[in-house]
Protein chains: 2
Amino acid sequence: MKKAEATRQTILQKGFDLIYTKGYQTTSIEDILSTTQVTKGAFYYHFRNKEEMGLAIINELMKPTLQTSFVDLQKEENPLKGIYNLMKHLLLENDFLKVEYGCPASNFTQEMTPWNTHFSKALNEIIQTWIQVMTDALNSGIEKGFVSKETNTKQVTIFVISGYWGIRNLGRLEDNTTVYTTYLNGLNNYLHSLV
Amino acid sequence: MKKAEATRQTILQKGFDLIYTKGYQTTSIEDILSTTQVTKGAFYYHFRNKEEMGLAIINELMKPTLQTSFVDLQKEENPLKGIYNLMKHLLLENDFLKVEYGCPASNFTQEMTPWNTHFSKALNEIIQTWIQVMTDALNSGIEKGFVSKETNTKQVTIFVISGYWGIRNLGRLEDNTTVYTTYLNGLNNYLHSLV
DNA sequence: AAGTAAAGATACTGTTTGGTATGTTTTTAG
DNA sequence: CTAAAAACATACCAAACAGTATCTTTACTT
């Protein structure tokens with residue numbers, strides 16, 4: 001990796017870390033600079049402003065990362081199992097995502113949506129892809145007989161993703177993984193009702 | 001109402017409006033002052049600082065408002081119907097809550113949790129009350145035969161509330177009530193699986 | 001009506017912060 | 001090797017903002 005590209009990645013990575021743990025607005029550019037070896041000149045060489053960095057974090061860091069989690073869903077034969085395992089993985093086993101910090105995409109959405117349309121648009125693209133992948137998985141699950149034919153796959157997808165975002169929010173408040181296991185049990189029961 | 005109390009309420013009300021639509025951090029005290037007839041002197045007479053105002057908004061405005069929505073849940077005989085109607089009301093019929101702005105409590109939580117424990121605590125109290133009320137309703141629903149005896153009421157509550165918070169988040173992104181109706185249908189199916 | 005405390009108005013301050021101007025070093029192309 | 005462009009460094013600026021100091025008006029009590 002070229003050196004210039006390395007500093008760019010440093011900024012994005014550290015920027016993501018700080019924003020994930022503290023929020024976008026409470027993370028100042030100075031914060032990023034002081035916790036790295038990057039100077040202001042370098043920062044503004046790579047990004048026109050703070051917003052451009054934020055968008056780069058979404059598009060170049062978060063998007064690809066989430067993309068990989070879709071793979072787990074796609075390689076599982078039974079989508080109901082796939083969905084449950086994905087959620088379990090995201091909530092309990094992924095040591096990149098922490099309870100107390102919630103879901104990066106969800107956090108970002110909540111904080112930025114009211115006043116920044118660019119962010120909303122970028123985030124919406126991510127979530128729409130997720131919805132698409134899950135719906136497709138459920139549809140093929142119907143064909144393979146894993147899911148009841150009467151299932152409205154789009155509806156189930158929306159329902160499941162809502163639950164995920166919500167529980168992440170709740171998890172932050174309580175700062176405790178027991179709500180996660182409780183949620184997962186609830187999800188499990190729900191998914192079984194779709195067979 | 002005394003005049004002093006009136007200005008205090010003006011601040012809280014306008015503060016809530018702005019925070020609900022724009023977020024806490026993007027709402028400056030100057031914003032509140034310029035959209036009301038209140039001056040800085042008056043503001044700082046009533047509140048020691050911005051945080052104290054935020055907490056007052058949670059405790060004196062949001063808490064009581066949410067309390068009233070619980071009543072709907074408690075007066076319904078069948079808790080499953082009660083839950084569905086409550087959600088439907090909150091999502092589609094309450095013209096105080098807007099799609100594009102989401103759920104005030106959820107928004108606040110997301111924005112403040114990472115850096116302000118006072119806010120988290122106040123918000124957690126609200127949500128814990130909500131959980132309690134819903135669980136109680138479901139428990140009495142079991143006794144009355146509306147809900148299956150095998151139901152884990154706490155689990156169902158967590159599952160339902162997560163869904164609500166999540167869909168509000170999703171609704172903001174898409175800025176469209178169709179996700180709400182989709183969600184409500186999903187919720188309806190889920191609740192029927194508990195009979 | 002007068003005196004006192006509550007309530008409100010105005011001007012100001014210190015700091016944070018995003019962003020710029022300008023200069024220096026490093027890399028790359030020819 | 002050298003010139004030019006890319007990459008980085010430092011000092012500075014203007015705006016926004018939370019909060020304070022001080023002064024004036026309003027409301028209440030006796």
Side-chain angles (χ1 to χ4, degrees), chain A residues 1-58 60 108 111-120 122, chain B residues 1-58 60 108 111-112 114-119 122:
Chain A
M1 177 160 46
K2 295 243 181 77
K3 204 178 162 229
E5 184 56 23
T7 55
R8 188 190 156 87
Q9 290 305 318
T10 305
I11 294 171
L12 290 181
Q13 192 56 56
K14 198 69 192 178
F16 173 82
D17 289 346
L18 289 171
I19 290 171
Y20 178 38
T21 53
K22 305 199 325 170
Y24 177 83
Q25 306 196 64
T26 38
T27 299
S28 70
I29 294 174
E30 208 53 57
D31 283 337
I32 299 175
L33 301 182
S34 66
T35 50
T36 56
Q37 299 295 4
V38 180
T39 64
K40 209 153 212 181
F43 182 95
Y44 279 97
Y45 172 78
H46 286 285
F47 304 99
R48 244 208 322 263
N49 48 38
K50 191 182 177 185
E51 176 178 343
E52 197 175 285
M53 179 203 63
L55 290 172
I57 288 176
I58 295 177
E60 297 172 36
F108 238 127
E111 191 181 347
M112 311 304 288
T113 302
W115 56 278
N116 191 307
T117 51
H118 294 141
F119 279 73
S120 306
Chain B
M1 177 158 48
K2 296 242 182 78
K3 202 178 164 231
E5 184 57 25
T7 54
R8 188 189 155 88
Q9 290 305 318
T10 304
I11 294 171
L12 290 181
Q13 192 56 55
K14 198 68 193 182
F16 173 83
D17 288 347
L18 288 171
I19 289 171
Y20 178 38
T21 52
K22 304 201 321 171
Y24 177 83
Q25 304 197 65
T26 38
T27 298
S28 69
I29 293 173
E30 208 53 60
D31 283 338
I32 299 175
L33 302 181
S34 66
T35 50
T36 56
Q37 300 294 3
V38 181
T39 64
K40 210 154 211 181
F43 183 95
Y44 280 96
Y45 173 79
H46 286 285
F47 304 99
R48 246 209 318 265
N49 48 37
K50 193 183 178 185
E51 177 178 343
E52 196 174 286
M53 179 202 64
L55 290 172
I57 288 176
I58 295 177
E60 297 172 35
F108 238 128
E111 191 180 347
M112 311 303 288
W115 54 277
N116 190 308
T117 51
H118 293 142
F119 278 73

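Hydrogens, waters and symmetry mates are skipped; everything else that's a heavy atom, side chains included, is used. Being a predicted model, the structure only gives us computed values, none of them experimental. To find a chain, count down the sequence lines: A is the first, B the second, and so on, and within it residues start at 1.
Between atom CD1 of residue Ile19(B) and atom CD1 of residue Ile32(B) there is a gap of 6.0 Å, rounded to the nearest 0.5 Å.
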Could you list the protein-to-nucleotides 3-7 of chain C atom pairs, N/O on both sides, closer than 3.5 Å?
| unit_1 | atom_1 | unit_2 | atom_2 | d |
| --- | --- | --- | --- | --- |
| dA7(C) | OP2 | Tyr45(B) | OH | 2.0 |
| dA7(C) | O5' | Tyr45(B) | OH | 3.4 |

Is there any protein nitrogen or oxygen under 3.5 Å from a nitrogen or oxygen in nucleotides 15-20 of chain D, and what are the pairs?
| unit_1 | atom_1 | unit_2 | atom_2 | d |
| --- | --- | --- | --- | --- |
| dA18(D) | OP1 | Lys50(B) | NZ | 3.2 |
| dA18(D) | OP2 | Ile29(B) | N | 3.0 |
| dA18(D) | N7 | Lys40(B) | NZ | 3.4 |
| dG19(D) | OP2 | Lys50(B) | N | 2.9 |
| dG19(D) | N7 | Lys40(B) | NZ | 3.4 |
| dG19(D) | O6 | Lys40(B) | NZ | 2.7 |

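For Thr113(A), the side chain to side chain contact (heavy atoms under 4.5 Å, CB included) test picks out Thr109(A), Ser120(A), Arg172(B), Leu173(B), with sequence neighbours left out. Under the rule for a ring-ring contact (aromatic ring centres under 6.0 Å, His included), the partners of Phe119(A) that lie at least two apart in sequence or sit in another chain are Tyr24(A), Phe108(A). Taking the salt bridge (charged side-chain N to carboxylate O under 4.0 Å, His left out) definition, one finds that Lys40(A) meets it with Glu30(A), sequence neighbours left out.
Heavy-atom minimum distance, Leu18(A) versus Thr35(A): CD1-OG1, 4.1 Å.
Rounding to whole angstrom units, CG of residue Leu33(A) and C1' of dC8(D) are separated by 12 Å. Taking atom CZ of Phe47(B) as the reference point, atom C1' of dG8(C) lies 14 Å away to the nearest angstrom.
For the pair Lys14(B) and Asp31(B), the salt-bridge criterion is not met [side-chain N within less than 4.0 Å of a carboxylate O].
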Between side-chain atoms of residues 41-49 of chain A and protein atoms elsewhere (two or more places apart, or another chain), which donor-acceptor pairs fall under 3.5 Å?
| unit_1 | atom_1 | unit_2 | atom_2 | d |
| --- | --- | --- | --- | --- |
| His46(A) | NE2 | Thr7(A) | OG1 | 3.1 |
| Arg48(A) | NH2 | Glu52(A) | OE1 | 3.4 |
| Asn49(A) | OD1 | Glu51(A) | N | 3.4 |
| Asn49(A) | OD1 | Glu52(A) | N | 2.9 |

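At distances below 3.5 Å, not a single donor-acceptor pair connects side-chain atoms of Gln25(B) with backbone N or O atoms of Gln25(A).
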